[in-house]
Number of protein chains: 2
Amino acid sequence: MSEQQEQQPGLRERKKQRTRQALSDVAIALFLEHGFDKVSVADIAAAAEVSKPTLFRYFPAKEDLVLHRIADHQGEAARVVRGREPGQSPLAALRAHFHARLDARDPVTGFSDHPAVRAFHDLVYGTPSLLARTVGFTARDEKELADALRETGAGDELTAWLAAAQIVTVHHHLALANWRTLTSGCAPSEALVRAHADAERAFDLLGAGLGGHYG
Amino acid sequence: MSEQQEQQPGLRERKKQRTRQALSDVAIALFLEHGFDKVSVADIAAAAEVSKPTLFRYFPAKEDLVLHRIADHQGEAARVVRGREPGQSPLAALRAHFHARLDARDPVTGFSDHPAVRAFHDLVYGTPSLLARTVGFTARDEKELADALRETGAGDELTAWLAAAQIVTVHHHLALANWRTLTSGCAPSEALVRAHADAERAFDLLGAGLGGHYG
DNA sequence: AGAAAAAACGCAACTGAGTAACAAAAGTTT
DNA sequence: AAACTTTTGTTACTCAGTTGCGTTTTTTCT
């Protein structure tokens with residue numbers, strides 16, 4: 001007689017999602033206000049009204065309260081390569097995708113007009129322990145991209161692996177460059193055209209190699 | 001009337017060096033025997049016969065007891081580029097240098113016949129917290145190499161920065177590949193020729209770009 | 001609906017990394 | 001040898017992360 005027939009996620013699951021979200025939101029708000037190192041996990045747990053062990057059941061480390069948002073983008077590069085148009089090269093697909101994300105102001109590009117997102121970037125890039133924790137994520141990203149590239153059959157094992165590493169590195173540095181441009185006080189409109197230009201040159205370099213400049 | 005006139009380092013400095021060395025040696029020995037996470041800093045301090053605060057006066061973090069050896073190689077890539085023969089390109093210098101280090105069985109190449117060095121690599125590459133701590137080192141390495149490349153005048157700011165990132169990344173993955181080859185049970189003599197071949201292909205790729213395979 | 005099983009939670013106590021304060025013991029200088 | 005500076009040990013602390021256990025809540029089974 002109850003009307004809860006067509007809802008896949010049960011009550012328990014919904015509560016968990018809400019607790020997780022609340023935990024992350026409360027944590028990031030506190031981090032942005034006082035700094036990552038000045039806020040203890042006990043503070044966060046208290047503010048979110050859960051116990052400390054519960055907090056760690058949701059997030060394995062303090063850093064993950066911030067980084068799970070980035071973690072959600074895991075394997076994006078691999079998906080882009082796998083889902084590219086027939087006849088399009090992997091590199092062309094990645095290039096087009098990055099430009100598109102840039103125009104959409106996607107936080108993963110390091111670019112944003114929104115002060116809140118900028119503050120979030122300041123937090124991540126400005127906190128060494130957060131930066132260090134990203135390694136694990138990029139490593140998995142790299143591995144997935146390497147798998148995707150290997151599936152194209154265009155290169156051997158080592159080549160795919162190295163290519164994946166180079167692509168991920170360039171992505172990361174492009175985002176970093178955009179963040180630096182913005183935090184140095186550059187106007188967003190001007191920063192955006194520069195970001196596109198930088199991306200063009202970066203992908204050109206990736207495709208043509210370092211030989212033209214340093215070889 | 002004493003004969004200690006031509007020794008720059010005083011007694012105090014010598015003791016400090018010895019303490020530092022003893023601390024690192026004892027720590028690595030314990031880590032190799034029981035694993036990084038199973039040994040506490042208190043154990044290390046006790047074994048080296050110093051107090052815990054003293055240990056942290058020598059090494060800012062537990063990880064640095066292991067990684068200071070790697071840290072000593074800081075800026076090697078930048079030095080190679082700056083010290084290259086006249087007329088030699090940066091990439092050619094780095095390629096030659098890597099092959100040379102490989103033949104010298106330098107630990108930084110990830111290659112070694114010595115079981116002790118191999119065990120050391122197993123420790124570093126097999127412990128996430130150690131791997132995470134290398135980020136800071138590679139970041140500085142990257143920055144120095146970028147400076148060195150910029151000095152060649154062959155590329156703009158962004159290009160130098162991206163090139164440095166790519167080179168450091170490739171170095172790291174080459175070392176990783178060598179380690180994997182060896183730990184998978186490959187005979188050192190065979191692994192060495194493969195290491196040289198891999199390095200050749202990696203630097204070729206670096207010079208010619210990904211365009212040939214994925215562009 | 002009601003009982004039993006499973007999952008999630010809170011509490012309290014614990015380990016281990018890293019730090020602060022202060023006093024004791026060096027080494028260095030005159 | 002006395003005065004000064006640097007390094008060290010002791011004690012006690014903060015904070016991240018874990019463990020054991022009893023309790024509550026949700027789901028599932030009948």
Side-chain angles (χ1 to χ4, degrees), chain A residues 1-24 26-27 30-31 34-68 127-130 132-133 136, chain B residues 1-24 26-27 30-31 34-68 127-130 132-133 136:
Chain A
M1 59 157 66
S2 63
E3 69 276 49
Q4 53 228 48
Q5 287 156 0
E6 55 255 23
Q7 44 175 280
Q8 283 108 346
L11 207 176
R12 181 179 271 162
E13 202 56 33
R14 263 178 293 154
K15 276 200 172 184
K16 282 203 334 191
Q17 299 289 8
R18 243 185 304 146
T19 305
R20 186 180 167 82
Q21 190 68 38
L23 230 19
S24 171
V26 154
L30 287 175
F31 290 154
H34 304 109
F36 185 78
D37 304 308
K38 293 294 179 66
V39 180
S40 75
V41 291
D43 295 337
I44 299 164
E49 297 184 301
V50 291
S51 71
K52 195 161 57 123
T54 295
L55 186 154
F56 282 108
R57 278 178 203 119
Y58 283 91
F59 297 94
K62 186 184 180 186
E63 286 80 13
D64 295 323
L65 285 161
V66 177
L67 297 180
H68 81 101
T127 309
S129 75
L130 286 175
R133 253 260 157 170
Chain B
M1 62 164 57
S2 62
E3 72 276 46
Q4 53 229 43
Q5 289 154 358
E6 54 256 24
Q7 42 173 285
Q8 284 108 347
L11 207 177
R12 180 178 273 162
E13 201 57 33
R14 265 178 292 154
K15 276 201 170 184
K16 280 198 343 189
Q17 299 290 4
R18 243 184 304 148
T19 305
R20 185 182 168 83
Q21 190 67 38
L23 231 18
S24 172
V26 155
L30 288 175
F31 290 154
H34 303 108
F36 185 79
D37 304 309
K38 292 293 179 66
V39 180
S40 74
V41 292
D43 294 336
I44 300 164
E49 297 184 301
V50 290
S51 69
K52 193 160 59 117
T54 296
L55 186 153
F56 283 108
R57 277 175 205 124
Y58 282 90
F59 298 93
K62 185 185 181 185
E63 286 80 12
D64 294 324
L65 285 161
V66 178
L67 296 179
H68 80 101
T127 308
S129 75
L130 285 175
R133 252 261 159 170

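Throughout, a chain's letter reflects where its sequence line sits, starting with A, and its residues are numbered from 1.
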J.: Would you indicate which nucleotide in C/dG10, D/dT8, D/dT5 comes nearest to any side-chain atom of B/Arg12?
T.: D/dT5
J.: Between D/dG9, C/dG18, D/dA16, which one does the side chain of B/Lys62 approach most closely?
T.: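 Output: C/dG18.
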J.: Atom CZ of A/Arg57 and atom P of C/dA6: how far apart are they, to the nearest Å?
T.: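 To the nearest whole Å, that distance equals 18 Å.
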J.: To the nearest angstrom, how far is A/Arg18 atom CZ from C/dA8 atom P?
T.: 15 Å
J.: Quick check on D/dT7: is either OP1 or OP2 less than 4.0 Å from any side-chain nitrogen or oxygen of B/Lys15?
T.: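 Indeed not, no polar side-chain atom of B/Lys15 lies that close.
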J.: Atom CD1 in A/Ile44, atom CZ in A/Phe59: separation rounded to 0.5 Å?
T.: 10.0 Å
J.: Quick one: OH on B/Tyr58 to CD on B/Gln21, what's the gap to the nearest 0.5 Å?
T.: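 Going from the OH atom of B/Tyr58 to the CD atom of B/Gln21 covers 12.0 Å.
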J.: Which whole-number value in Å describes the distance from A/Ile44 CD1 to D/dT14 P?
T.: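 Checked: the CD1 to P distance equals 18 Å.
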J.: Taking for each residue the nucleotide of DNA chain D bearing the nearest heavy atom, is the 5' side occupied by B/Ser51 or by A/Glu63?
T.: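 It is B/Ser51, whose closest nucleotide lies nearer the 5' terminus.
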J.: When you look at B/Phe36 and B/Glu63, which way does the side chain to side chain contact (heavy atoms under 4.5 Å, CB included) test go after all the steps?
T.: CA-CA 9 Å; B/Phe36 185 79; B/Glu63 286 80 12; 4.0 Å; yes
J.: Which heavy atom of B/Val41 sits nearest a heavy atom of B/Lys52, and at what distance?
T.: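 In terms of heavy atoms, the two residues are closest at CG2-CD, 3.9 Å.
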J.: Mind checking if B/Lys52 touches a base, just sugar-phosphate, or nothing, with heavy atoms under 4.0 Å?
T.: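 If one applies the 4.0 Å heavy-atom cut-off, B/Lys52 turns out to touch a base.
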J.: Would you mind reading off the distance between A/Asp43 atom CG and D/dC15 atom P, rounded to a whole angstrom?
T.: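 Going from A/Asp43 (CG) to D/dC15 (P), I get 8 Å.
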J.: Quick one: which of D/dG17, C/dG16, D/dC15 gets closest to the side chain of A/Ser40?
T.: D/dC15
J.: Grab the OH-P distance between A/Tyr58 and C/dA7 for me, whole Å please.
T.: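 Answer to the nearest Å: 14 Å.
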J.: So, does A/Ser24 use its side chain to make a donor-acceptor pair with the main chain of A/Arg20 at under 3.5 Å?
T.: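 No, because the side chain of A/Ser24 does not come within donor-acceptor range (under 3.5 Å) of the backbone of A/Arg20.
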J.: What's the closest nucleotide to the side chain of A/Thr19 if the choices are C/dC9, C/dG18, D/dT18?
T.: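 That would be C/dC9.
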J.: NZ of A/Lys16 versus P of D/dT25: gap in Å, rounded?
T.: 18 Å
J.: If I take atom CZ in residue B/Phe56 and atom P in nucleotide D/dC13, what distance separates them, rounded to the nearest angstrom?
T.: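 Going from CZ in B/Phe56 over to P in D/dC13 covers 19 Å.
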J.: Quick check for you: among C/dA26, C/dA17, C/dA8, whose closest atom lies nearest to any side-chain atom of B/Val41?
T.: C/dA17
J.: For the pair made of CD in B/Glu49 and P in D/dT8, what is the distance, rounded to whole Å?
T.: 14 Å
J.: Which sits closer to the 5' end of DNA chain D, A/Pro53 or A/Ala42, going by the nucleotide each is nearest to?
T.: A/Ala42
